[in-house]
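All remarks here apply to the structure that follows.
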Amino acid sequence: MYKIGITGSIGTGKTSIANIFALFKIPIFDADKEIKKLLNEKKIKREIESIWPEAIKDNHVDKPKLKSIIFSDIKEKKRLEGLLYPYLQTEKRSFEHANHNKLMVAYDVPLIYETKSNKNYNLILLTYCDPEIQRKRVLKRDKMTNFLYNKIISSQLSFEEKIKFNPKIINTNNSKAIIFIKMALLIARTSIRLRIHKWKKRES
């Protein structure tokens with residue numbers, strides 16, 4: 001099973017790239033979606049309430065409030081990660097077990113380099129776009145304040161720091177058609193290479 005990690009800062013187009021993989025019937029593990037599911041589970045809500053009672057409103061996690069807490073204090077951020085990541089890893093293992101016979105799978109994971117998990121992937125795609133486009137996307141889509149946006153950006157490794165790990169850069173400034181064509185070619189080339197390798201291994 002060939003593992004492709006899709007990573008990048010908030011608003012740089014990770015989901016769009018993951019959706020292209022899905023169009024080609026390649027299984028996707030979406031870390032953000034899994035986190036959202038976890039935040040709706042009773043046991044998680046109880047644990048969050050015991051640590052940050054102000055982040056629970058009407059028996060639901062107040063996500064904007066929780067974000068403002070964890071991105072204002074690195075200790076609180078690590079505390080939340082320590083709470084959620086064990087559950088996330090369990091979901092990831094279940095995903096891999098369910099897809100163990102697939103030629104390739106993809107993972108939409110924002111913090112691959114920050115969590116030092118890059119060695120878990122055969123290929124890492126790093127999404128990137130112009131910083132001003134990125135800011136406009138996030139503020140429009142997530143109804144986020146400039147203050148919180150800046151806090152989130154400062155909590156992540158910069159693009160310059162990430163490219164030191166030699167990922168394949170996917171520029172999402174391009175039109176959707178150009179991005180789709182480039183990704184389709186990447187998927188096709190990777191699939192052919194993997195199938196040839198599998199055939200050679202079987203023949204040897």
Side-chain angles (χ1 to χ4, degrees), residues 2-23 26 28-36 63-64 66-78 80-81 84-85 88-89 92 104-187 189-190:
Y2 191 80
K3 300 178 182 181
I4 300 175
I6 305 165
T7 195
S9 186
I10 184 173
T12 56
K14 295 182 298 298
T15 300
S16 296
I17 299 303
N19 287 341
I20 295 173
F21 278 92
L23 284 174
I26 295 167
I28 305 290
F29 179 83
D30 187 326
D32 281 347
K33 280 186 180 179
E34 294 300 329
I35 291 292
K36 286 176 183 176
K63 295 182 182 71
L66 186 60
K67 282 182 180 179
S68 69
I69 293 170
I70 66 170
F71 286 110
S72 296
D73 188 332
I74 188 64
K75 290 181 180 178
E76 298 304 305
K77 181 172 178 290
K78 288 188 177 298
L80 182 64
E81 289 171 351
L84 296 178
Y85 278 16
L88 188 63
Q89 289 305 310
K92 191 176 179 183
M104 73 175 92
V105 293
Y107 302 76
D108 182 350
V109 182
L111 305 177
I112 286 178
Y113 293 119
E114 287 82 352
T115 56
K116 297 180 173 61
S117 59
N118 43 302
K119 291 182 180 179
N120 296 335
Y121 304 93
N122 301 103
L123 172 67
I124 295 178
L125 308 180
L126 174 62
T127 56
Y128 171 79
C129 68
D130 180 82
E132 194 51 41
I133 292 174
Q134 178 185 1
R135 180 184 292 272
K136 286 178 180 177
R137 282 178 184 171
V138 176
L139 295 183
K140 181 181 179 181
R141 180 191 69 196
D142 297 342
K143 298 179 181 179
M144 188 180 295
T145 64
N146 267 294
F147 176 79
L148 182 55
Y149 173 79
N150 290 332
K151 284 285 186 183
I152 292 173
I153 292 297
S154 64
S155 74
Q156 301 174 348
L157 292 177
S158 67
F159 175 72
E160 289 72 24
E161 289 172 306
K162 289 173 182 174
I163 60 175
K164 292 177 183 177
F165 294 96
N166 297 315
K168 182 170 182 59
I169 298 168
I170 307 296
N171 189 327
T172 61
N173 285 329
N174 296 315
S175 70
K176 290 181 179 179
I178 290 174
I179 294 170
F180 179 82
I181 291 168
K182 287 185 175 181
M183 288 305 305
L185 288 171
L186 183 149
I187 291 167
R189 285 195 298 265
T190 304

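Source: prediction; values computed, not measured.
- Across every non-hydrogen atom of Thr172 and Cys129, the tightest pair is OG1-CB, 3.3 Å.
- Between Leu157 and Glu114, the shortest heavy-atom distance links the atoms N-OE2, 2.9 Å.
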Checklist entry - Which is it for Glu34 and Asp30 under the side-chain contact (heavy atoms from CB on, under 4.5 Å) test, yes or no, and what are the steps along the way? => result CA-CA 6 Å; Glu34 294 300 329; Asp30 187 326; 5.7 Å; no
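- Closest heavy-atom contact between Thr115 and Leu111: OG1-O, 2.6 Å.
- For the residue pair Ser155 and Lys77, the shortest heavy atom distance occurs at OG-CE, 4.0 Å.
- Atom CG in Asn146 sits 13.5 Å away from atom NZ in Lys151 (nearest 0.5 Å).
- When all heavy atoms of Ile10 and Gln134 are compared, the pair lying nearest together is O-NE2, 2.7 Å.
- Considering NZ of Lys136 and OH of Tyr149, their distance stands at 12.0 Å, rounded to 0.5 Å.
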Walk me through whether Leu126 and Lys168 qualify under side-chain contact (heavy atoms from CB on, under 4.5 Å). CA-CA 6 Å; Leu126 174 62; Lys168 182 170 182 59; over 6 Å; no
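- Here the side chain of Asn122 pairs a donor or acceptor atom with the backbone of Lys3 at under 3.5 angstrom.
- Annotation: Lys63, atom NZ; neighbour count of heavy atoms from other residues, nucleotides and ligands within 6.0 Å is above 12.
- Residue Pro110 comes nearest to Ala31 through the heavy atom pair CD-CB, 4.2 Å, listed as atom of the first residue, atom of the second, then distance.
- Judged purely by atom type and a 3.5 angstrom limit, Glu76 has no side-chain atom pairing as donor or acceptor with the backbone of Phe71.
- Distance CD1/Ile170 to CG/Leu186: 6.0 Å, rounded to 0.5 Å.
- Side-chain contact between Asn150 and Arg135 is present, with heavy atoms from C-beta onward closer than 4.5 Å.
- Using a 4.5 Å heavy-atom cutoff, the side chains of Val109 and Lys92 are not in contact.
- Within 6.0 Å of NZ in Lys182 there are 12 or fewer heavy atoms belonging to other residues, nucleotides or ligands.
- Two residues are said to be in side-chain contact when any heavy atoms from C-beta on lie closer than 4.5 Å; Phe159 and Ile169 meet this criterion.
- Once rounded to the nearest 0.5 Å, the distance linking CD1 of Ile179 with CG of Asn171 reads 7.5 Å.
- To the nearest 0.5 angstrom, Asp32 atom CG is 6.5 Å from Asp108 atom CG.
- Between Phe165 and Tyr113, the angle of the ring planes stays under 30°, which puts this pair in the parallel group of the 30/60° scheme.
- Tyr121 places a side-chain heavy atom less than 4.5 Å from the side chain of Ile112.
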Checking Tyr2 against Val105 for the side-chain contact (heavy atoms from CB on, under 4.5 Å) test, could you report, in this order, the C-alpha distance in whole Å, the side-chain angles of both residues, the deciding distance, and whether it holds? CA-CA 6 Å; Tyr2 191 80; Val105 293; over 6 Å; no
Verdict with reasoning, Asn173 to Ile133, per side-chain contact (heavy atoms from CB on, under 4.5 Å)
CA-CA 8 Å; Asn173 285 329; Ile133 292 174; 3.3 Å; yes
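- Annotation: the span from Lys162 atom NZ to Ile124 atom CD1 amounts to 11.0 Å, rounded to 0.5 Å.
- Gln156 is listed as a side-chain neighbour of Ile152, based on a closest heavy-atom distance under 4.5 Å.
- Of the possible polar contacts, none joining the Ser117 side chain to the Asn120 backbone as a donor-acceptor pair under 3.5 Å is found.
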Going by atom type alone, with no hydrogens or angles, which donor-acceptor pairs under 3.5 Å involve a side-chain atom of residues 12-21 and a protein atom two or more places apart or on another chain?
{"unit_1": "Thr12", "atom_1": "OG1", "unit_2": "Ser9", "atom_2": "O", "d": "2.7"}
{"unit_1": "Thr12", "atom_1": "OG1", "unit_2": "Thr127", "atom_2": "OG1", "d": "2.7"}
{"unit_1": "Lys14", "atom_1": "NZ", "unit_2": "Gly8", "atom_2": "O", "d": "3.2"}
{"unit_1": "Lys14", "atom_1": "NZ", "unit_2": "Ser9", "atom_2": "O", "d": "3.0"}
{"unit_1": "Asn19", "atom_1": "ND2", "unit_2": "Thr15", "atom_2": "O", "d": "3.3"}

